[in-house]
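Only a predicted model underlies this, so the values are computations on that prediction, with no experimental measurement involved. Sequence lines set the chain letters: A, B, ... in the order given, protein chains first and strands last, and positions in each chain run from 1.
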2 protein chains.
Amino acid sequence: MTTLQNRQFRLAARPIGLPKPGDWEFTTQAASTPGDGEVLVKVLYLSLDPAMRGWMNEGKSYIPPVGIGEVMRAGGIGEVIASNDPAFAVGDIVNGTPGVQEYAVVSGKTLTRVDPKLAPLPAYLGVLGMPGMTAYFGLLDVGKPGQGETVVVSGAAGAVGGLVGQIAKLKGCRVVGIAGGADKCKYAVDELGFDACVDYKSEDVKKALRGHCPKGIDIYFDNVGGDILDICLTQLARHARVLICGAISQYNNTTAVKGPSNYMSLLVNRARMEGFVVFDYAPRYGEAVRDLAQWLAQGKVTAREDIVSGIETFPDTLLKLFKGENFGKLVLKVA
Amino acid sequence: MTTLQNRQFRLAARPIGLPKPGDWEFTTQAASTPGDGEVLVKVLYLSLDPAMRGWMNEGKSYIPPVGIGEVMRAGGIGEVIASNDPAFAVGDIVNGTPGVQEYAVVSGKTLTRVDPKLAPLPAYLGVLGMPGMTAYFGLLDVGKPGQGETVVVSGAAGAVGGLVGQIAKLKGCRVVGIAGGADKCKYAVDELGFDACVDYKSEDVKKALRGHCPKGIDIYFDNVGGDILDICLTQLARHARVLICGAISQYNNTTAVKGPSNYMSLLVNRARMEGFVVFDYAPRYGEAVRDLAQWLAQGKVTAREDIVSGIETFPDTLLKLFKGENFGKLVLKVA
């Protein structure tokens with residue numbers, strides 16, 4: 001087989017605040033040959049996620065940080081072009097964590113095969129991928145929504161938030177989104193079927209939530225942290241659940257994270273704030289994929305991807321997440 | 001019956017920061033006559049609790065605020081001296097919420113009879129009273145400690161904290177207290193049987209907790225909030241429970257409450273932070289009293305009261321709580 005040139009983004013420095021061009025190194029080297037149990041994957045689509053910002057920081061977290069000089073970690077979809085794992089054949093389309101590069105040698109154990117006939121490939125990074133799993137298990141397993149309860153979700157036009165709201169609607173909840181800008185709010189209400197959506201850029205969020213949630217918030221699914229979390233805490237219903245999925249407003253802080261100063265509302269309302277990590281549900285991803293694929297096929301759930309082409313755009317494309325510029329799941333088309 | 005002169009502390013103004021003398025009005029008036037279903041109680045002991053500071057603030061909480069001009073709310077033990085409720089006879093000793101006054105007319109429905117032979121009366125305000133109920137249900141029902149788990153409790157020499165630690169020991173946990181001063185720490189370890197106690201006034205709390213909790217904190221029972229809460233969040237074990245019982249460090253703030261800036265540790269550790277209000281467990285107080293009275297009688301649990309005499313000392317005595325001067329349950333002896 002001819003030598004394949006593999007372009008890669010490596011972490012050059014730990015960012016302070018928003019990642020700068022100098023925090024990356026764009027390298028080219030020959031693609032490696034798969035060892036025993038490994039496959040060589042040609043990367044087709046990469047998933048760009050807010051969580052990636054956390055992986056760039058030093059320190060203990062739910063997953064080790066990406067090392068300086070290492071290829072940046074990223075989930076993605078690719079095509080098997082060489083295999084030393086009997087479970088995979090050349091031509092298989094697989095979902096895994098290839099990293100930000102054009103070709104990846106990965107252990108077959110870290111891959112799952114996907115069916116390109118069941119859904120378009122980018123959907124496997126969104127509604128049928130990590131965001132879908134996050135929305136599904138976070139809302140249903142951690143939040144346990146009851147019929148008629150009020151669910152508020154921030155990042156409502158994002159990959160996770162949009163699904164949280166739609167799943168909550170399927171479970172009989174009243175759903176109120178929070179998003180930045182009239183377009184995103186219109187999308188959440190008109191296309192995703194939310195009951196209401198608050199534009200935090202132009203509305204008084206507290207007042208708007210009070211109007212849209214007359215019985216208080218039973219579940220707040222938090223993707224953003226910061227002031228929005230603090231405002232939602234003031235509107236909790238008794239026995240509310242605040243699900244800590246992410247805190248995108250805080251990921252690029254150069255000062256201390258803003259803690260939720262209204263946390264004593266948890267006491268007043270006998271409420272709980274709970275964190276979760278989607279990887280814990282890996283043994284049960286099948287359940288979620290089955291439900292979500294069915295809902296998609298039945299038109300009960302809709303999802304949008306925001307696809308940007310070209311691996312060389314990676315540093316800029318990633319920033320769209322933190323500037324709130326993406327609309328639906330942000331995907332980088334590599335090949 | 002002769003006219004009884006009743007001295008009372010009324011809330012004169014909503015305090016800003018620590019309650020000042022001018023926030024109180026010390027009035028004298030004739031004791032009222034009990035109406036239908038009511039009894040007249042001679043107050044013997046009043047319970048002074050950190051939660052009282054919250055009751056003095058305006059705004060929605062788990063209980064309405066004390067109104068300006070009203071007798072300050074307080075739990076207490078008294079003797080029935082006149083009764084229009086067939087459930088109570090003159091001479092009965094009762095537990096209720098008489099307020100900061102010498103005589104109180106209260107509905108019989110709000111009272112429970114106590115047995116002065118079973119335990120000294122002040123114990124009914126501590127280990128067998130609200131602090132006991134709070135420790136018991138908060139730790140056991142909300143925290144659900146497992147054998148061998150590590151429980152950390154702040155306010156370790158206080159009425160609630162001291163019991164939390166002792167109950168956790170009875171359930172087979174490793175118990176680490178946090179308290180202010182060497183005397184309190186010595187008391188927690190030597191008299192209450194804690195495995196260790198960190199003196200936050202002289203020790204590096206984070207370092208000390210890391211040493212005493214090598215496997216991390218499974219349950220943190222928080223009575224104080226502020227920096228101690230934030231430090232404990234950095235030491236959580238996976239699936240930890242952070243129980244929000246109170247936040248005495250923040251009750252007299254004149255600036256915004258300090259939110260826990262390390263709350264994302266809840267995500268990393270798949271942990272939860274949960275608030276509770278002891279009054280919700282009122283229908284089950286009997287269970288707790290039965291267990292606690294038995295443990296007391298068997299010497300498995302010990303409790304100390306810090307008793308100050310004289311209703312006229314109330315404003316100053318209350319401040320002992322916020323200065324960390326009390327040792328065990330703070331009780332005001334009224335008659």
Side-chain angles (χ1 to χ4, degrees), chain A residues 51 54 57 59-64 134 137-138 141-143 210 216 222-223 225-227 229-230 233-236 238-251 253 255-281, chain B residues 51 54 57 59-64 134 137-138 141-143 210 216 222-223 225-227 229-230 233-236 238-251 253 255-281:
Chain A
N57 292 337
K60 191 192 160 214
S61 188
Y62 60 93
I63 197 172
T134 302
F137 291 106
D141 263 63
V142 188
R210 205 182 288 138
D222 188 34
N223 291 306
D227 292 334
L229 170 58
D230 233 344
L233 283 169
T234 68
Q235 304 299 312
L236 298 185
R238 208 174 262 205
H239 302 302
R241 289 81 79 197
V242 177
L243 313 184
I244 304 298
C245 177
I248 199 169
S249 74
Q250 306 294 307
Y251 290 169
N253 275 359
T255 54
V257 165
K258 185 186 177 322
S261 56
N262 297 319
Y263 82 102
M264 285 296 281
S265 172
L266 298 176
L267 185 154
V268 172
N269 295 298
R270 298 79 160 156
R272 68 172 206 260
M273 184 184 284
E274 185 159 356
F276 66 97
V277 173
V278 67
F279 304 136
D280 295 347
Y281 295 91
Chain B
N57 292 337
K60 190 190 160 216
S61 187
Y62 61 93
I63 197 173
T134 302
F137 291 107
D141 262 64
V142 189
R210 204 181 290 138
D222 187 35
N223 291 306
D227 291 335
L229 170 57
D230 233 344
L233 283 169
T234 68
Q235 302 300 311
L236 299 184
R238 208 175 263 205
H239 302 302
R241 289 82 78 197
V242 177
L243 313 186
I244 303 298
C245 177
I248 199 169
S249 73
Q250 306 294 306
Y251 290 168
N253 273 0
T255 54
V257 165
K258 185 187 177 320
S261 56
N262 298 320
Y263 82 101
M264 286 296 283
S265 172
L266 297 176
L267 184 152
V268 172
N269 294 297
R270 299 80 160 154
R272 69 172 206 259
M273 183 183 284
E274 184 159 357
F276 67 97
V277 173
V278 66
F279 305 137
D280 295 348
Y281 294 90

Which of the residues Q250(A), R272(A), K60(A), H239(A) is involved in the greatest number of heavy-atom pairs with chain B at under 4.5 angstrom?
-> R272(A)
In terms of heavy-atom pairs under 4.5 Å, which option from C245(A), G259(A), S265(A) contacts chain B the most?
-> G259(A)
Minimum heavy-atom separation for [X] to [Y], with atom names?
X       : Y       : value
D280(A) : R238(B) : OD1-NH1, 4.3 Å
V277(B) : V268(A) : CG2-O, 4.5 Å
S261(B) : V257(A) : CB-O, 3.1 Å

Contact origin within R241(A) toward chain B - heavy atom pairs under 4.5 Å | neither
Relative to chain B, which segment of Y263(A) carries a heavy atom at a distance below 4.5 Å: side chain, backbone, both, or neither?
->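 It is the side chain, since no backbone atom gets that close.
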Name the option with the most non-hydrogen atom pairs under 4.5 Å to chain A; the candidates are A271(B), P260(B), G225(B).
->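 Most pairs with chain A among the choices: P260(B).
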Out of curiosity, [X] [atom1] to [Y] [atom2], how far, rounded to the nearest 0.5 Å?
X       : Y       : atom1 : atom2 : value
R270(A) : F279(B) : CZ    : CZ    : 9.0 Å
Y62(B)  : M264(A) : OH    : CE    : 8.0 Å
L243(A) : L266(B) : CG    : CG    : 11.5 Å
I244(A) : M273(B) : CD1   : CE    : 9.0 Å

With a 4.5 angstrom heavy-atom cut-off, which part of A247(B) approaches chain A: side chain, backbone, both or neither?
->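 Both backbone and side chain of A247(B) come within 4.5 Å of chain A.
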Partner residues of N262(B) under the side chain to side chain contact (heavy atoms under 4.5 Å, CB included) criterion, sequence neighbours left out = D230(B), L233(B), T234(B)
